[in-house]
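Each remark here refers to the structure printed beneath this line.
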Amino acid sequence: MTTVIYTAHDGTETIVEGTPGVSIMETALRNGVPGIVGECGGSMSCATCHVFVSDETAAIAGEMSELEDEMLDGTAVEREERSRLSCQIKLIEGETYRVTTPSEQV
Amino acid sequence: MAATANDATLIVGASQAGVQLAATLRELGDERPIVLVGDEPHAPYQRPPLSKAYLQGEITSDDLIFRTADWFAQHDVEVVTGETIAAIERHADGGGEAVTETGRRIPFARLALTTGAAPRRLDLPGIDLPGVHYLRTADDAAAIAEGLESARSLVVIGGGFIGLEVAASARKRGLAVTVLEAAPRLVGRVVSEQTSAFYLDAHRRRGIDVVLDARIAAIEGADAVSGVRLEDGTVILADVVLVGIGVVPRTELAEQLGLEVDGGIVVDAACRTSDPSIVAAGDCALMPNPYARGSLPRVRLESVHNALEQAKVAAATLMGDPHEYRTTPWFWSDQADIKLQIAGLSTGYDATVLRGDPDTEKFSVLYYRDGELLAADCVNQPLDFMAVRSALGRGATIPPEAAADTSVPLKKSVVEPAAPTLV
Ligand SMILES: Cc1cc2nc3c(=O)[nH]c(=O)nc-3n(C[C@H](O)[C@H](O)[C@H](O)COP(=O)(O)OP(=O)(O)OC[C@H]3O[C@@H](n4cnc5c(N)ncnc54)[C@H](O)[C@@H]3O)c2cc1C
Ligand code: FES
């Protein structure tokens with residue numbers, strides 16, 4: 001099973017069973033998880049899919065591209081060490097992901 | 001109305017705006033039934049990737065859905081696919097009944113039109129030949145992808161965003177690609193001359209043949225398209241032709257309902273049509289936009305952001321809490337490895353500032369009116385885009401003198417709006 005645990009800014013947790021190959025952003029949108037907007041559908045144009053990932057998730061989330069790095073400099077809530085664009089993290093079979101969503105995306 | 005009062009909301013058009021409208025109604029606590037009707041045979045899906053990742057074979061149509069079937073079921077949103085609403089009858093109480101082409105009747109208490117737009121058709125000899133395509137739907141994209149599979153050459157008629165995206169995607173697949181544009185420059189309707197000139201150079205560098213001021217006489221071919229003939233007699237070989245000359249808003253139902261239509265369904269800033277009980281949102285709607293300057297009091301935008309934001313406003317209006325549409329318009333276009341992001345609306349600009357060198361394929365064009373920042377086209381410059389989008393959203397500006405200085409990040413040159421004076 002592939003699981004994503006989304007923690008909202010106010011602490012509310014939503015647990016979703018994901019599909020391998022689908023991004024954390026898409027998984028949130030398809031299941032109506034609040035806190036992620038993802039306007040550009042994952043083409044790295046909007047930075048409205050900003051999340052803070054846990055240490056364990058950071059380890060399995062893959063490398064950040066230069067473009068993602070630049071886009072993160074313009075997020076609504078200032079980036080932190082564990083900031084990622086959730087559209088760039090594709091789920092891997094059997095893994096569990098933990099992300100916290102910021103208070104604002106736009 | 002009958003004793004069993006029907007209190008359903010009918011949303012006509014099950015795409016970007018329609019799905020968002022349903023989702024926002026639920027977020028706002030609406031518990032009444034929602035029926036979302038779309039004439040396409042698919043679960044609601046995103047269009048932007050159709051000309052990009054999908055045509056490059058990177059994703060399939062399964063990757064495009066907005067929401068899972070479970071989500072729609074859990075939120076009591078009935079999705080009716082493959083049915084066209086042919087007519088709508090109104091009752092005196094504001095509700096009514098819609099009839100589909102197959103004769104299905106759908107009663108409703110509240111009505112939202114999110115009917116979008118359809119490709120503008122081209123009238124040319126040979127236009128109906130197999131191999132000539134338009135691109136709006138997943139089915140269109142599937143047919144194009146299949147055509148490109150065995151094709152060696154593609155001719156794109158129209159040098160707008162969708163045409164150029166398809167051209168770039170096909171070029172990446174190794175096809176010989178020609179773009180025919182009737183105007184003297186590419187994407188002339190939307191961007192400055194500098195941005196147009198950049199696209200011309202950039203696509204030519206990637207091996208795409210671009211013909212400006214093109215005058216097309218006919219599409220040639222016996223059983224299927226074989227080429228496009230220009231008025232001067234030149235024939236450009238083509239196994240596939242894509243026509244991308246803009247869209248026409250789908251206003252037929254609005255017209256039938258007697259609503260005001262003027263190249264789009266006319267709505268106010270709260271998405272109310274000329275019958276204030278009916279809302280409209282997305283590509284079909286023509287709305288006063290606080291960001292549009294100059295001579296245009298109302299604009300019809302064709303973008304994901306606009307469809308989403310108008311849908312949210314329309315939902316609030318249906319909930320009896322109308323508020324004004326106020327959001328910084330933005331748009332993106334990915335053509336091969338060229339990422340364009342546009343923030344704001346440049347309509348009515350009187351000056352531009354070029355930031356960076358277009359030859360490096362990393363630059364921005366900032367648009368001004370009376371010295372005030374209106375918009376920016378940012379090419380492979382996400383930081384400039386983010387700075388401008390956020391400045392416009394706060395009513396801030398960037399002085400033109402500072403904008404050209406690439407040694408200073410744009411974000412650092414933003415001048416905040418004067419604090420409101422207390423009265
Ligand atoms: C190939 C392509 C690439 C794009 N790329 C970008 C991009 O990069 N960035 C961006 O911001 N935007 C892009 N867009 C534009 C964006 O997709 C549109 O702005 C958006 O889809 C508008 O949403 P909408 O819901 O208003 O209308 P639409 O998406 O047009 O949806 C309207 C739906 O209503 C249905 N309908 C209409 N009338 C009826 C009826 N009588 N009965 C039943 N159903 C009906 C239609 O069939 C359609 O499914 C692109 C569009 C295309 C086609
Ligand atoms: S969804 Fe737009 S950048 Fe991630």
Side-chain angles (χ1 to χ4, degrees), chain A residues 2 4 6 8 10 12 14-50 64-79 83 85 87-91 102 104-106, chain B residues 16 19-20 22-23 26-27 43-50 52-53 59-60 62-72 74-75 77 303-309 327-328 330-334 337 339-343 362 378 380-390 393 409-411:
Chain A
T2 308
V4 191
Y6 299 88
D10 66 5
T12 324
T14 314
I15 302 172
V16 178
E17 190 179 329
T19 310
V22 173
S23 74
I24 291 183
M25 179 279 289
E26 286 287 340
T27 305
L29 259 63
R30 289 179 190 180
N31 294 285
V33 179
I36 294 180
V37 179
E39 281 189 321
C40 76
S43 67
M44 274 202 280
S45 298
C46 70
T48 63
C49 63
H50 180 200
M64 187 189 293
S65 68
E66 200 185 318
L67 180 58
E68 180 180 345
D69 197 9
E70 279 193 50
M71 290 295 290
L72 279 169
D73 280 337
T75 49
V77 168
E78 285 279 317
R79 72 186 288 176
S83 282
L85 292 180
C87 65
Q88 298 306 306
I89 307 174
K90 302 264 190 307
L91 304 182
E104 281 174 75
Q105 290 286 12
V106 268
Chain B
Q16 197 85 53
V19 171
Q20 183 63 50
R26 289 293 176 250
E27 272 163 39
Y45 63 90
Q46 315 168 40
R47 299 184 199 286
L50 296 178
K52 309 176 183 88
I59 55 169
T60 67
D62 290 344
D63 296 318
L64 300 176
I65 57 161
F66 288 118
R67 304 267 165 163
T68 58
D70 280 351
W71 185 90
F72 287 115
Q74 282 159 12
H75 291 80
V77 176
S303 74
V304 166
H305 175 77
N306 178 67
L308 295 175
E309 293 303 316
T327 168
T328 312
W330 82 273
F331 178 80
W332 82 96
S333 171
D334 290 329
D337 51 345
K339 176 177 290 299
L340 170 72
Q341 291 160 292
I342 300 180
K362 268 175 164 284
C378 307
N380 293 329
Q381 289 292 43
L383 287 182
D384 285 1
F385 167 73
M386 303 295 241
V388 171
R389 188 179 68 174
S390 131
L410 258 194
K411 206 172 164 178

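Proteins get letters first, then strands, A, B, ... in listed order; numbering begins at 1 in each. Owing to the predicted nature of the structure, the values given are computational and were not obtained by experimental measurement.
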Do you know the tightest heavy-atom contact between [X] and [Y]?
X     : Y      : answer
B:D63 : A:E26  : O-OE1, 4.3 Å
A:E39 : B:W330 : OE1-NE1, 2.6 Å
A:R30 : B:L64  : NH2-N, 4.4 Å
A:T75 : B:M386 : N-CE, 4.3 Å

**Item:** Among the listed options B:D334, B:V304, B:N380, B:I65, the residue most often paired with chain A at heavy-atom distances under 4.5 Å
**Value:**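 Looking at each option in turn, the highest pair count goes to B:I65.
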[X] portion near chain A, given a 4.5 angstrom heavy-atom threshold:
X      : value
B:D384 : neither
B:T68  : both
B:K52  : neither
B:E309 : side chain
B:R389 : side chain

CD (B:Q341) and CE (A:M71) are apart, to the nearest 0.5 Å, by 5.0 Å
In this structure, NE2 of B:H305 is separated from OG1 of A:T48 (nearest 0.5 Å) by 10.0 Å
Residues at least two apart in sequence or cross-chain that pass ring pair (Phe, Tyr, Trp, His ring centres under 6.0 Å) with B:F72, listed by chain then number, are none
Chain B shares the most heavy-atom pairs under 4.5 Å, among A:S43, A:G41, A:G21, with A:S43
Which residue out of A:C46, A:G42, A:P34 racks up the most heavy-atom pairs below 4.5 Å with chain B?
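Highest number of heavy-atom pairs under 4.5 Å: A:C46.
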